[in-house]
2 protein chains.
Amino acid sequence: MEKQTITIYDVAREAAVSMATVSRVVNGNPNVKPATRKKVLEVIDKLDYRPNAVARGLASKKTTTVGVIIPDVTNIYFSSLARGIDDVASMYKYNIILANSDSNEQKEVQVLNTLLAKQVDGIIYMGNSISDYFREQVKRTKTPVVIAGSIDDKEELESVHIDFTAAFEEAVSELIHRGNKKIAFVSGPLSQPINGKYRLQGYKNALAKNNIEFDQDLVFETDYSSHAGEILWPALSSSNAQAAIVGDDELAIGVLNGAKDAGVNVPDEFEVITSNNTRITEMSRPKLSSITQPLYDIGAVAMRFLTKMMNEEEIDEKTVNLPFGYIKRGTTK
Amino acid sequence: MEKQTITIYDVAREAAVSMATVSRVVNGNPNVKPATRKKVLEVIDKLDYRPNAVARGLASKKTTTVGVIIPDVTNIYFSSLARGIDDVASMYKYNIILANSDSNEQKEVQVLNTLLAKQVDGIIYMGNSISDYFREQVKRTKTPVVIAGSIDDKEELESVHIDFTAAFEEAVSELIHRGNKKIAFVSGPLSQPINGKYRLQGYKNALAKNNIEFDQDLVFETDYSSHAGEILWPALSSSNAQAAIVGDDELAIGVLNGAKDAGVNVPDEFEVITSNNTRITEMSRPKLSSITQPLYDIGAVAMRFLTKMMNEEEIDEKTVNLPFGYIKRGTTK
DNA sequence: ATGAAAGCGCTAACAT
DNA sequence: ATGTTAGCGCTTTCAT
């Protein structure tokens, strides 16, 4: 014999009121006489009634859940954002459907569609390149979408992030001012605008301001992994680079370790600055100097932004730029 | 003018069939004449119809979403499990509602309740201690729950993990056989059964088998963070420990770095073995020797296990123990 | 302040 | 192979 799920109808009958009244007390509608409210609440407690969020979602056309597309939960840059997202989401009574995309266009679009099918009230997208197809899908839906921790190079979608160009310009200037002329630019795929467009531009800006000629041979494109960084050393070494600015912390710790393994003294013989200031930066010896970004806040603000869109509040700016900084640790002199 | 959402009724009318038939083709029911199916599919495509999963959930009492309770997404041990969970979930057409609990009993129970309100088909719990209250709630619901990566010391709930006792026993034996007599046991809260019961037991077993007396002063209880490990060195040093077995990788990298910062040569003067073999183990120098566990698989198997429970298939064992191992890297001689 | 009743968009018997 | 028809459990006008 199946355990009978108890519904709003059951409590209405038991409390001798209508379903509408029960609904009102459950939803905190003030138009209920205190005595009635009390009685209903007692019955709810007695019957151990739990509102069915699915039924509510169907009737109200709001699910109080938002979709979150992430390249890989295991990546601490993105998981840090995700943490900020979830915290603000629960603050506003939302839940999160988390889906890994592996930065794969197909998966991203497919995930987007199942998220929409599930009637999420909004979506946060994390990932470093927005494909045209994805963009089209987003533009066709009325479900709000915001991008967290990356940038839409077409500037069509709402997003929250730091100014990657300015941050790189500042970090590279730092390196230059300490006497380095040959500075390697190390990042993930240049096809991702965050690398090939914004960060690289910042790098070039710093060189230009200091009258250093840009050298394509100092640009290293690889994977976002510490292993990729480790095996990069021979190439880095033969380029005669004196320092490196690296676009990802795991990659950077790999670069650092690759150099150390080759007997290089960091920072005396080679300096490195990384980009995300995740906990990883504190795990190496020497510790990694880094551009700082408010990772948790980027997620938090993105989620807050999304709540505004879901409530159809006025949005002043499509893009919110959060402040970045720089922290000197042991990998710079 | 609001954009009209198109429903199953619209495609039924347009295709000149009944809603039931449309439902059948959408759900892949074979009882549809090929010609009819084709026609319906065309209309679906033409109208750009997307089934409403919420309505489907209400009617079918299945949401194809499972809840995942995680202490902190930012923790790579748990996020690695989460990745396995999500991959298997999508394989079976499920989505994941991810909720951070901070290992806080209140939040865990609250999250459990909202998950149940959202009518998830199943739940995966990650966390190192199952409170009585949580356990009671779980036992009252018919929604299946499985624990991933930790152990229910009351052995009432289904779970997937390695044999923590045997793994610690093996790792500590390793340390003993290499000549260490005074071995520190470093872990998170001993109130968590995984530490205070299972791992500690393994540690004691290894000592006993080698006729070494257990010394309470060699047991160090702290937080799961690299910083906690770093500042542990003075205490570790004055205990005259010659080696340490550490229950968490971030904590272990902290212990390693604390020792190095104090001028200690690892592994010559001090050896360390960690427990989870996450990517963190490859980021230090020397790299961390570690107990190995199939993290991704633990998540994957837990999710697979859950699908069986959701389908009400027969389950032979409540507990599935996955194999562990040991990998020697640079922090052991 | 409360109730009646019509959906929300779909599935699942049941009938044909 | 296809159609009819109840619901699923709730919210939301609209009355009163």
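Each chain gets a letter, A, B and so on, in the order its sequence line appears, and its residues count up from 1.
When rounded to the nearest whole Å, the span between CD of Gln119(B) and C1' of dG9(D) equals 9 Å. Here dG9(D) presents its P atom at 14 Å from NZ of Lys62(B), a figure rounded to the nearest Å. Atom CD1 in Ile8(A) sits about 13 Å away from atom C1' in dG3(C), given to the nearest Å. Rounded to an integer number of Å, the gap from CG of Asp10(B) to P of dC8(C) is 11 Å. In this entry the distance linking CG of Leu58(B) with P of dC8(C) reads 13 Å, nearest Å.
Backbone-only contact: Val17(B) has heavy atoms under 4.0 Å from sugar-phosphate atoms and none from a base.
Checking Gln106(B) against Tyr133(B) by side-chain atom types alone, no donor-acceptor pair falls below 3.5 Å. Side chain to side chain, Ser79(A) and Asn75(A) fail the donor-acceptor criterion of an N or O pair below 3.5 Å. A donor and an acceptor atom, one from each side chain of Arg304(A) and Thr307(A), are located under 3.5 Å apart.
Under a 3.5 Å cut-off, the side chain of Asp297(B) and the backbone N or O of Ala300(B) do not form any donor-acceptor pair.
With contacts defined as side-chain heavy-atom distances shorter than 4.5 Å, the pair Ile97(A)/Ile96(B) does not qualify. Contact check for Met309(A) versus Ile315(A): side-chain heavy atoms found under the 4.5 Å cut-off.
Mapping Ala16(B) and Arg50(A) onto DNA chain D via the closest heavy atom, the residue that lands nearer the 5' end is Ala16(B).
Comment: Arg140(A) does not engage Glu136(A) in a salt bridge, judged by the lack of any side-chain N to carboxylate O separation of less than 4.0 angstrom.
Within residues 27-44 of chain A, the residues having any heavy atom closer than 4.0 Å to DNA chain C are, in order of number, Asn31(A), Val32(A), Lys33(A), Thr36(A).
For Lys61(B) and dA12(C), the shortest distance from a side-chain N or O to OP1 or OP2 is not below 4.0 Å. Put simply, Thr21(B) has a side-chain N or O that comes within less than 4.0 Å of OP1 or OP2 on dG3(D). At dG3(D), none of the side-chain N or O atoms of Tyr9(B) fall inside 4.0 Å of OP1 or OP2 (strictly under the cut-off).
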Original post:
When you look at Arg83(A) and Asp86(A), which way does the salt bridge (Lys or Arg N to Asp or Glu O under 4.0 Å) test go after all the steps?
Top reply: CA-CA 5 Å; Arg83(A) 189 59 217 263; Asp86(A) 188 39; 5.1 Å; no
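Looking at Glu105(A), Glu156(A), Glu155(A), Glu108(A) one by one, the single match for salt bridge (Lys or Arg N to Asp or Glu O under 4.0 Å) with Arg135(A) turns out to be Glu156(A).
With dT2(C), dT4(D), dG9(C) as the candidates, the nucleotide lying closest to the side chain of Ser18(B) is dT4(D).
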Restricting to nitrogen or oxygen on both sides, can you table the protein-nucleotides 12-16 of chain D pairs closer than 3.5 Å?
none

